[in-house]
Amino acid sequence: MADHPIGIFDSGFGGLTVLREVAALLPQYDYLYLGDNARSPYGTRSFQTVYEYTRECVFKLFDAGCPLVILACNTASAKALRTIQQKDLPKMDSKLRVLGVIRPTAEVIGNYSISGKVGVLGTSGTVISGSYPMEIAKTFPNVEVYQQACPMWVPLIENNEHMGSGADYFVKEYVKQLMDQATGIDTILLGCTHYPLLADKIQQHVPEQVCILSQGEIVADSLKDYLHRHPEMEKTCSKNGTRRFLTTDDTANFDAHASIFFGSDVRSEHCSIPRVS
Ligand code: DGL
């Protein structure tokens, strides 16, 4: 069978926390991961820049044979997905698809909350886009959404400093800023695929009963459902159980850090991203 892996994209390492859960639930498929480490972080970049970078990486994954690409990055999902779907995909092979991580998360998050008050921690880009409050309101109009941008977290995580005292300070600070916005927040979404690495630290700064949600399992369940509802796509995706990893930056550095996110050893290949005008 020809090689048609499912593409998983992130600005850097964070999407590996999603791939980990997706591959655990759906091990039969081939996966091609692309981390744009050379240009990460995306979280503080403009809409236009995030769109251009994301589009180039999506095209790279299409060129590599992926019929379906998951933007395993909230920032890219918030700032680039809709434009890619509306502007770029109609000009391409009609069978190609790009999906994000915000909608599947927004469609279930209200089920975790009893108080109806949900906190979202994300990059500045995700928070400013307003994507979460907008998408959550479609499924859960009565849920109140409070957001907090955490611009220092991705740099700390990408530099492997997330276990240190610098991380302690910034975790405490941003979590306090979120929890101070309202009493009764009982569910906190880690709305950035890097943040699961900070979940234990975050838990230390909130009451025990607060549910801290990572997206990996949610996205995995949603992909399983998508493939079930789209048998033509399901048939196209190749099933040899392979995992390949591409990075736009140094492979030795990628491999040294990636296992923390992915949970097992990773051997990456370098790739360059052609500019798309
Ligand atoms: N992991 C990405 C996300 O889910 C953001 C990381 C970045 O700032 O590049 O938003």
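Values below: every heavy atom of this structure, side chains too, minus hydrogens, waters and symmetry copies. Along the sequence shown, the residues carry numbers beginning at 1. Remember, it's 1-based here, ligands and their atoms both numbered in the order they're listed.
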Who are the residue neighbours of ligand 1 when the rule is a heavy atom under 4.0 Å from any of its atoms? Asp10, Ser11, Pro41, Tyr42, Gly43, Cys73, Asn74, Thr75, Thr123, Val154, Cys192, Thr193, His194
Tyr29 vs Tyr31 aromatic rings, parallel, tilted or perpendicular, using cut-offs 30° and 60°? perpendicular
Looking at residues at least two apart in the chain, or sitting in another chain, which of them share a ring-ring contact (aromatic ring centres under 6.0 Å, His included) with Tyr53? Tyr42
With sequence neighbours excluded, what pairs up with Phe262 under the ring-ring contact (aromatic ring centres under 6.0 Å, His included) test? Phe245
Side-chain donor-acceptor pair present, Glu144, Tyr146, cut-off under 3.5 Å: yes
Please determine if Glu234 and Lys224 form a salt bridge, counting it only when a charged side-chain N lies under 4.0 Å from a carboxylate O. no
Taking side chain to side chain contact (heavy atoms under 4.5 Å, CB included) as the test, write out the residues that go with Ala258, two or more places apart. Phe13, Leu16, Phe254, Val266
